[in-house]
Protein chains: 2
Amino acid sequence: MADGTVSKVKDAPRNPVGREGVLDVAARLFREQGYGSVSLRKIADAAGIKAGSIYYHFGSKDEIVVAILDVGIQVVHEKMRQAVSALPEGTDAETILRAAIGTHLRALLDVSDYTSANVRIFGQVPQSVRDANLPTRRAYEAEWDALLSRLQERGALKPDVDIRRLRLMLIGALNATLDWFDPDRGSAEALSRTYADVFLNGILERQDS
Amino acid sequence: MADGTVSKVKDAPRNPVGREGVLDVAARLFREQGYGSVSLRKIADAAGIKAGSIYYHFGSKDEIVVAILDVGIQVVHEKMRQAVSALPEGTDAETILRAAIGTHLRALLDVSDYTSANVRIFGQVPQSVRDANLPTRRAYEAEWDALLSRLQERGALKPDVDIRRLRLMLIGALNATLDWFDPDRGSAEALSRTYADVFLNGILERQDS
DNA sequence: GTCTATACAGCGATAGAC
DNA sequence: GTCTATCGCTGTATAGAC
């Protein structure tokens with residue numbers, strides 16, 4: 001207080017929103033309402049600025065959307081990689097898969113508006129925006145394919161399942177939870193356990209033993 | 001030709017499109033492009049009429065969408081019920097589930113623009129439209145819940161899985177195929193077999209035996 | 001970095017002729 | 001049953017002041 005910097009006490013809530021602030025607000029709105037229902041005016045309103053001001057930070061609406069889509073994948077990719085590589089060498093396949101599934105599902109349902117916005121609106125945005133997000137997606141998909149291939153090669157997964165198809169089924173099933181997940185009915189953590197149970201062992205009661 | 005009816009030979013391709021024709025065209029466009037990208041002008045163009053003419057058949061755009069959503073569920077519901085009830089009494093649980101899964105997936109990927117449009121755009125339409133479609137959806141969901149409960153009661157399914165959650169997981173996973181299914185990489189029929197394999201028995205290689 | 005003001009396109013919807 | 005013409009609204013985007 002007694003140093004050289006000026007501490008503004010009044011007008012405190014009027015600090016600049018900035019590029020980050022716009023992105024955070026936009027990601028939340030896209031997650032909640034989808035692509036078509038969220039206009040630049042709505043984003044500006046929620047951020048506490050005027051619509052025209054957005055163009056100081058971004059060249060177009062598409063530029064905002066691409067940024068959000070990329071961050072959404074990067075967040076879940078990074079968390080998934082860390083969760084798996086944090087496991088001790090020689091960890092069994094079941095534990096590895098449960099970690100990967102749990103991390104993806106928590107990023108989607110608990111952690112990141114960017115990841116959930118990506119899953120929610122990817123199918124709604126213009127083709128050019130989807131194309132811009134593709135390299136980032138491919139990298140995350142490759143991470144999953146590498147993980148699943150490793151497990152299949154060491155004999156932990158059934159040998160006849162195509163890895164690409166398995167990854168599409170798994171990620172697709174997890175992402176679909178966004179449409180109906182309700183934290184009041186159970187945590188993302190508990191849900192991820194159920195998904196792992198079903199994918200790993202199936203739903204049929206086995207009559208052997 | 002020699003009877004009392006007049007057979008117009010000229011102007012043959014100019015027959016009226018009608019309510020059905022508009023719905024068919026709209027369902028195809030919604031399936032292909034999503035809700036936000038399909039305007040009444042696009043629908044009219046594809047149907048070979050002018051935008052204003054649509055209002056002779058429908059009171060609003062929402063009315064078109066609700067009609068398509070309802071038909072989409074009714075088609076897959078009816079086919080699923082028929083496929084299951086066509087099986088002889090005493091059919092084993094695995095066969096029943098494979099029939100239900102296969103029917104749902106074929107309706108979605110092969111048979112009906114209405115069903116695929118429903119899955120594609122349901123999350124994009126206004127709340128009022130979603131609400132209008134809810135009763136129809138509930139009926140289909142109840143059909144699945146009844147089927148799964150029957151199988152669980154007769155001891156064919158693991159006893160600890162919540163039926164509602166299992167249905168959400170199953171239908172969600174199947175519907176997600178719409179985002180990536182490519183007939184050039186394999187038929188819907190083959191895909192449904194893989195889904196049944198995974199859901200029934202899981203992906204882990206079993207070390208017993 | 002944000003504001004005001006505005007241009008311009010496309011949307012759903014309506015009215016009346018044929 | 002379809003056409004033409006048009007209205008009002010909302011969207012993205014731009015220009016220039018502060």
Side-chain angles (χ1 to χ4, degrees), chain A residues 6 8 10-27 29-30 32-69 121 124-130 132, chain B residues 5-6 8 10-27 29-30 32-69 117 121 124-130 132:
Chain A
V6 180
K8 292 230 177 191
K10 314 178 188 179
D11 294 338
R14 272 224 127 333
N15 38 8
V17 174
R19 188 184 155 102
E20 289 257 315
V22 172
L23 280 180
D24 285 352
V25 162
L29 292 179
F30 282 133
E32 291 170 354
Q33 308 178 22
Y35 177 76
S37 307
V38 176
S39 62
L40 293 180
R41 295 194 223 274
K42 268 195 192 176
I43 296 172
D45 267 14
I49 61 177
K50 299 297 177 180
S53 309
I54 290 182
Y55 286 87
Y56 176 80
H57 303 288
F58 303 93
S60 69
K61 183 183 181 183
D62 284 357
E63 204 177 303
I64 300 179
V65 180
V66 169
I68 290 174
L69 291 182
I121 72 175
Q124 312 179 9
V125 300
Q127 185 66 45
S128 59
V129 175
R130 268 201 292 271
Chain B
T5 66
V6 179
K8 290 229 175 187
K10 312 179 189 182
D11 293 339
R14 274 227 127 332
N15 37 4
V17 174
R19 188 183 155 101
E20 289 257 315
V22 172
L23 280 181
D24 285 351
V25 163
L29 291 179
F30 282 132
E32 290 170 352
Q33 308 179 20
Y35 177 75
S37 307
V38 176
S39 63
L40 291 180
R41 287 170 165 86
K42 270 195 191 175
I43 296 173
D45 267 13
I49 60 177
K50 299 297 176 181
S53 308
I54 290 182
Y55 287 87
Y56 175 81
H57 302 289
F58 303 94
S60 69
K61 183 184 182 183
D62 285 357
E63 203 177 304
I64 299 178
V65 180
V66 169
I68 290 174
L69 291 182
I121 71 175
Q124 311 179 12
V125 300
Q127 186 65 46
S128 59
V129 174
R130 268 201 293 273

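None of the values given here were measured: they were computed from a predicted structure. Throughout, protein chains are lettered first and strands after them, A, B, ... in sequence-line order, and every chain is numbered starting at 1.
Counting all heavy atoms, side chain and backbone alike, A:Arg130 lies closest to A:Val125 at NH1-O, 3.1 Å. Here the closest non-hydrogen pair linking B:Arg41 and B:Ala51 is CG-CB, 3.9 Å.
Going from atom OG of A:Ser39 over to atom CG of A:Asp45 covers 8.0 Å, rounded to the nearest 0.5 Å. In this structure, the separation between CD on B:Gln127 and OG on A:Ser37 is 10.5 Å, given to the nearest 0.5 Å.
The distance between atom NZ of B:Lys42 and atom P of C:dG10, rounded to the nearest whole Å, is 11 Å. Here the P atom of nucleotide D:dT2 and the CG atom of B:Leu40 are 15 Å apart, to the nearest Å. As a whole-Å value, the separation of A:Tyr35 OH from D:dG11 C1' is 11 Å. Atom CG in B:Asp45 sits about 10 Å away from atom P in C:dC11, given to the nearest Å.
Between the side chain of A:Arg41 and the base of D:dT10, no donor-acceptor pair under 3.5 Å is found.
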Please tabulate, one pair per line, all N/O donor-acceptor pairs under 3.5 Å involving side-chain atoms of residues 58-68 of chain B, not counting sequence neighbours.
residue	atom	partner	partner atom	Å
B:Ser60	OG	B:Asp62	N	3.4
B:Ser60	OG	B:Glu63	N	3.2
B:Lys61	NZ	B:Val38	O	3.0
B:Glu63	OE1	B:Gly59	N	3.1

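Scored by the side chain to side chain contact (heavy atoms under 4.5 Å, CB included) test, B:Glu20 finds no partners at all (sequence neighbours excluded).
Of the residues in residues 49-61 of chain B, those lying under 4.0 Å from DNA chain C by heavy-atom distance are B:Gly52, B:Tyr55, B:Ser60, B:Lys61.
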